[in-house]
Student: 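Please see the structure below; I have some questions.
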Number of protein chains: 2
Amino acid sequence: MNKQEILIIDDEPQIRKLLEITLESHDYKVIQAETGKQGLLMAANHPPELILLDLGLPDSSGHEILKELRQWYNKAIIILSVQNSEHDIVTALDNGATDYLSKPFRTAELLARMRSAIRQNQSSNTVSCIEIGDLHIDWTARSIRKNDELLKLTATEYNLLSLFAKNEGRVLTHQYILKEIWGVGYQTETQYLRVFVAQLRKKIEDNPNQPRHIITESGVGYRFQ
Amino acid sequence: MNKQEILIIDDEPQIRKLLEITLESHDYKVIQAETGKQGLLMAANHPPELILLDLGLPDSSGHEILKELRQWYNKAIIILSVQNSEHDIVTALDNGATDYLSKPFRTAELLARMRSAIRQNQSSNTVSCIEIGDLHIDWTARSIRKNDELLKLTATEYNLLSLFAKNEGRVLTHQYILKEIWGVGYQTETQYLRVFVAQLRKKIEDNPNQPRHIITESGVGYRFQ
DNA sequence: AGTCTTTTTTACAAAATCTTTACACCTGAT
DNA sequence: ATCAGGTGTAAAGATTTTGTAAAAAAGACT
């Protein structure tokens, strides 16, 4: 089996070196770019399985690079950013980042998130049904089962759960969810989201007070797992 | 036993080659078309057991080809597509696609879905009757029994129940049902559907107020079970 | 034509769903 | 401790969707 390629876009040599050593020792093939521009070129020439993108790049904002990449690149992009930049994180997720990690990060966590993101690359290929924990979602039948028992969801609840399921493990921002489910112009109606998340939790969680599927990421959005 | 014929309609030669090799090694006979038009001709000349149709064709939209095919071809059509948009999927399934797979796909999954689709061909060809709960539908005799008692249905009621029975467990959208029963151009006449669903329920449900066969999926359509 | 059956309209009642409001809760900062 | 910001929950409206009955129209048959 071929090694999976990871592209690192980061201007700090010591970070690149650290990532290189860590990732290669876990059997990934690492390619590196020092600037955003260089990263775009390398990704285009030889699309990697996953991209690690630092937001604080010297030549142009990492956000711009992310947008450019997302115009054609549909595999995982994990954002690396310095702490205390919640706004940056929200913007990045809105622009299609798969996940984010604050520097400094723990390698175990990075590796876990990378595995999850790469798994998504593969699972997003299959469309007609998916199994997540005790949930079974069949998009052709438009049905949701929990432990083989058919759940009765309203159209909006179904759409919301679908969106979550298609982005398993990934943080979706309030804005993004609202745009996807209710359409542009509803991005400030976060209350809708709270109401429907509560309703969904009542239906799919064993214990809605301690949700294990729909996780709140305070100040950012929700993560489904 | 003769090999089963599969028709591939796809403009990308490398995809066709890949499919050809894969399918032939699993004992299918493969025929190929590069354009939608050519595919229609080949299917008409020699109807295959299953069609693999790419949505992104150069000469006309795959959706159009699908519609054309479905006017007379009633065996399995599996859609292949790079797109992953919900809208495309819904449209394709509404237009009569048997199943849907996003590229790139895993061969094991493709083969599994093909087997399932071909199994459906046979069951829908040979099976002349079906038993669902207390209902017995005999398509050759064109008769419906409930607990061995012959029901008297009008032509439209019979068509509607047939459609439901052939899609047991699946949600059928209002639009789809209207198109199938009344034809294109009636897709906005949802009131017809309400009237006939009510009539059917009176005849087949034990308690029409609490239907157990024809389930309403508010805002979407109906599910038969 | 006239009767019978079936389909299409119409009108309104009933149910389900969505939206809004109100308030409780939790967490971290002052 | 108090406060503010974000979050969770229940429940009251408002709105949309669905169900039902029954009349009108359209065929089908004798």
Side-chain angles (χ1 to χ4, degrees), chain A residues 83-84 86-87 89-90 93 142 144 151-161 164 171-175 177-178 180-183 185-224, chain B residues 142 144 151-164 171-178 180-183 185-224:
Chain A
Q83 249 174 351
N84 299 332
E86 184 157 277
H87 177 256
I89 291 168
V90 173
L93 292 169
R142 210 189 161 85
I144 315 274
L151 292 187
K152 174 111 189 101
L153 299 188
T154 72
T156 309
E157 288 163 5
Y158 174 87
N159 290 340
L160 184 56
L161 182 55
F164 277 137
V171 178
L172 303 179
T173 65
H174 301 132
Q175 284 218 338
I177 300 170
L178 286 162
E180 289 296 309
I181 305 294
W182 281 270
Y186 288 78
Q187 284 146 3
T188 54
E189 306 285 349
T190 50
Q191 177 58 20
Y192 289 11
L193 197 46
R194 285 195 213 106
V195 171
F196 277 87
V197 163
Q199 282 172 3
L200 258 187
R201 279 176 174 158
K202 267 196 249 172
K203 294 186 181 181
I204 67 171
E205 301 281 1
D206 289 325
N207 180 1
N209 297 329
Q210 292 176 355
R212 296 184 54 253
H213 279 120
I214 305 179
I215 309 300
T216 301
E217 298 279 341
S218 195
V220 183
Y222 295 94
R223 181 197 301 271
F224 183 76
Chain B
R142 212 187 156 79
I144 316 273
L151 293 185
K152 180 162 169 53
L153 300 188
T154 73
T156 310
E157 288 163 5
Y158 175 85
N159 291 339
L160 185 55
L161 182 56
S162 274
L163 182 66
F164 278 136
V171 175
L172 303 180
T173 63
H174 300 131
Q175 284 216 338
Y176 176 78
I177 300 170
L178 286 162
E180 288 297 307
I181 306 295
W182 281 270
Y186 287 79
Q187 284 147 5
T188 54
E189 306 285 349
T190 51
Q191 179 57 21
Y192 290 12
L193 196 46
R194 283 191 217 113
V195 171
F196 277 87
V197 164
Q199 283 172 3
L200 259 185
R201 279 176 174 158
K202 269 194 241 170
K203 295 186 181 180
I204 67 171
E205 301 281 1
D206 289 325
N207 179 1
N209 297 329
Q210 293 177 358
R212 295 184 55 254
H213 281 304
I214 305 179
I215 309 298
T216 301
E217 296 280 341
S218 194
V220 185
Y222 294 94
R223 179 201 309 272
F224 184 75

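These numbers come from a predicted model, not from an experiment. Every chain is numbered from 1 and lettered A, B, ... according to where its sequence line falls, protein lines coming before strand lines.
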Student: Would you please confirm or rule out a distance under 4.0 Å between OP1 or OP2 of D:dG8 and any side-chain N or O of A:Lys202?
Tutor: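 Checking D:dG8 against A:Lys202, no side-chain N or O comes under 4.0 Å of OP1 or OP2.
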Student: Among pairs that include at least one residue of residues 202-213 of chain B, which meet salt bridge (charged side-chain N to carboxylate O under 4.0 Å, His left out), considering only residues two or more places apart or in two chains?
Tutor: B:Lys146-B:Asp206, B:Glu157-B:Lys203
Student: Please check the phosphate of D:dG6 (OP1 and OP2 only) for any side-chain N or O of A:His174 closer than 4.0 Å.
Tutor: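 The answer is no; no side-chain N or O of A:His174 sits under 4.0 Å from OP1 or OP2.
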Student: Give me, pair by pair, the N or O atoms of the protein and of nucleotides 25-30 of chain D that are less than 3.5 Å apart, along with how far apart they are.
Tutor:
none

Student: Tell me: CG of B:Asn209 to C1' of D:dT20, nearest whole Å?
Tutor: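 Going from CG in B:Asn209 over to C1' in D:dT20 covers 10 Å.
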Student: According to ring-ring contact (aromatic ring centres under 6.0 Å, His included), does anything in residues 201-221 of chain A pair up with another residue at least two apart or in another chain? List the pairs.
Tutor: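 Matches after skipping sequence neighbours: A:His213-A:Phe224.
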Student: What are the 5'-most and 3'-most nucleotides of DNA chain C lying under 4.0 Å from any heavy atom of chain A?
Tutor: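 With heavy atoms of chain A under 4.0 Å away, the range is C:dT17 to C:dA22.
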Student: Could you say whether A:Gly221 or B:Ser218 is positioned toward the 5' end of DNA chain D, judged by the nucleotide with the nearest heavy atom to each?
Tutor: A:Gly221
Student: Looking for any heavy atom pair under 4.0 Å, which part of the strands does A:Tyr186 touch: base, sugar-phosphate only, or nothing?
Tutor: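 No contact.
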Student: Quick one: B:Glu217 CD to D:dT18 P, roughly how many Å, whole number?
Tutor: 10 Å
Student: Under the rule for salt bridge (charged side-chain N to carboxylate O under 4.0 Å, His left out), what residues qualify as partners of B:Arg223, not counting sequence neighbours?
Tutor: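 Residues passing salt bridge (charged side-chain N to carboxylate O under 4.0 Å, His left out) with B:Arg223: B:Glu217.
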Student: In residues 188-200 of chain B, which residues come under 4.0 Å of DNA chain C by heavy atom?
Tutor: B:Gln191, B:Tyr192, B:Val195, B:Phe196
